[in-house]
Amino acid sequence: MTSRPEANPRRVLIVSSHPLFREGLRSLLQERRPGIEAIGLATSTDEALAALDRLAPDLVIVDHDDAAVNREEFLARFVEGERAMRVMLVSLKEADRAVVYDRHTLTASQIEDWLGGLAATARGAPLSAPQTSRRVEMKHFAIVGVLVIVATVAVNAGLNAVGLMPVEASEQARVIDRLFSLHVTVISFLFSLIVVFLLYSVVVFRRKPGDTSDGDHFEGHTGLEVAWTLGPLALVMLFAGLGAQALADTRRPEPNAYVVKVVASQWSWSFEYPDSGVTSTSLNLPVNRQVVLQLTSQDVIHSFWVPEFRVKQDALPGDKLVKELRLTPTLIGQYKVRCAELCGRQHAYMEAPVVVMSQADFDAWITKESAISNDPVARGKKWAAQYGCTACHSIDGTKIVGPTWKGLYGHEVALADGTTATADDAYLRESIVDPTARVVQGFAPNIMPQTFKDRLQDQQISDMIEYIKTLK
Ligand code: CUA
């Protein structure tokens, strides 16, 4: 608001034909501003001119309302002329206001501030914020502080109400959600801090009509800089500590944890239960018991992810690179494993069901599955259904898309090239892994997918052949 002097004005010449103005101002300066000395009093323009050469003042204060003093001439000769010096025109007509020469209207307290700044520079001390403006500043900070708190609470509540997270279905999810919600709170606070300060400044410190002055110039503020360096540093270190703690919590082994081997491949999941020899395409888990998943991949990198459990772990190719993931389901229900690593064309559809059940249901499921698992024919039947084989190959003699499996094993097959083959183990295996090698007469040559070579394990193919053998 004010144009503060650059030099040190301590010697002041007062120009007015009114003794009240002259003496009043002099005693005011004497009383209130010991740094400023009224070295001369002039009653007219001519007297001021003469005094100027004699006294060489730093500042001339001119009575703005004095008819005996031609202020236009004053401005022309002292401000704009070759003597260019500091002149302050002061009008005291209004009881609580003064007008200085550049037409800024100052309130009484602003004049106090202005003179305060003048006195401070006069003593060669750094400019200190005057008492009144400090009080005003504190008021602004108090308002902004309250607004920041209110905005933080509101933004935090808003973000929580959006419900960004899926249901919390594991012990690990609790740990991660706690950390996440702390992050959201800090984010709400930082957002509010910036936006409230910004909007408050835009509204409250808006330029007043007619005000063309520059804002205050600040070189820096050491306290503020130290605070905004150490504050975030402390916060980041706190979160590093909390993050490490959360990581440790999600990996803490429990003594009764049991093992499930997870095999990822393009583009399916398979789950093995070593305790019982069960293999499944769905991940069945008992509730409230920790499971250790041992993940591997048969081809590229995949990533095991059940959003409701929060935790995620890559599955890497190579038998030696077994990755472990511990999780403790806490909520009975059906979920889905997703692959969280871009792994090829069908990546987006690489899903498998996850079923969390009671311990009793789980035991029953294991018993049922292991009965199947110990019988190659039952297993083969299961694979045939699971991999969609029986959608094209009937087991009752009906001709669908491909040859029926009924009565196939051991019989002569007429091939498209006019030769014949015996449907033995070798022929069936070849037909599964390389279906274009020997196509049966009367069937389209390229209709069967050529992906089973990658999707099926040797054991699964053998199981299916055992199953086909039984379809007499
Ligand atoms: Cu496997 Cu993406």
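Please read all numbers here as calculations on a predicted model, not as lab measurements. When a ligand or atom number is given, it counts from 1 through the structure's own listing order.
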Exercise for the section: Would you give the length of the straight line joining atom CE of M350 to atom CD of Q346, rounded to the nearest 0.5 angstrom? Expected result: 11.0 Å
Exercise for the section: I would like to know whether K382 and E369 meet side-chain contact (heavy atoms from CB on, under 4.5 Å); could you show each step before the answer? Expected result: CA-CA 10 Å; K382 183 174 145 187; E369 288 296 312; 3.0 Å; yes
Practice task
Using only N, O or S atoms, tell me which atom of H347 is closest to atom 2 (Cu) of ligand 1.
Solution key: ND1
Practice task
Tell me, please, whether F443 has K399 positioned over its six-membered ring: NZ or CZ under 6.0 Å from the ring centre and within 45 degrees of its axis?
Solution key: yes
Practice task
Measure across Q290 and Q172 and return the closest heavy-atom pair with its distance rounded to 0.1 Å.
Solution key: NE2-NE2, 4.3 Å
Exercise for the section: Kindly give the atom name of the N, O or S atom of E341 closest to atom 2 (Cu) of ligand 1. Expected result: O
Fill in the blank from the handout: For SG in C343 and SD in M350, the angle at atom 1 (Cu) of ligand 1 (nearest 10°) is 110°
Handout entry: ND1 (H302) to atom 1 (Cu) of ligand 1 to SG (C339) angle, given to the nearest 10 degrees
Key = 120°
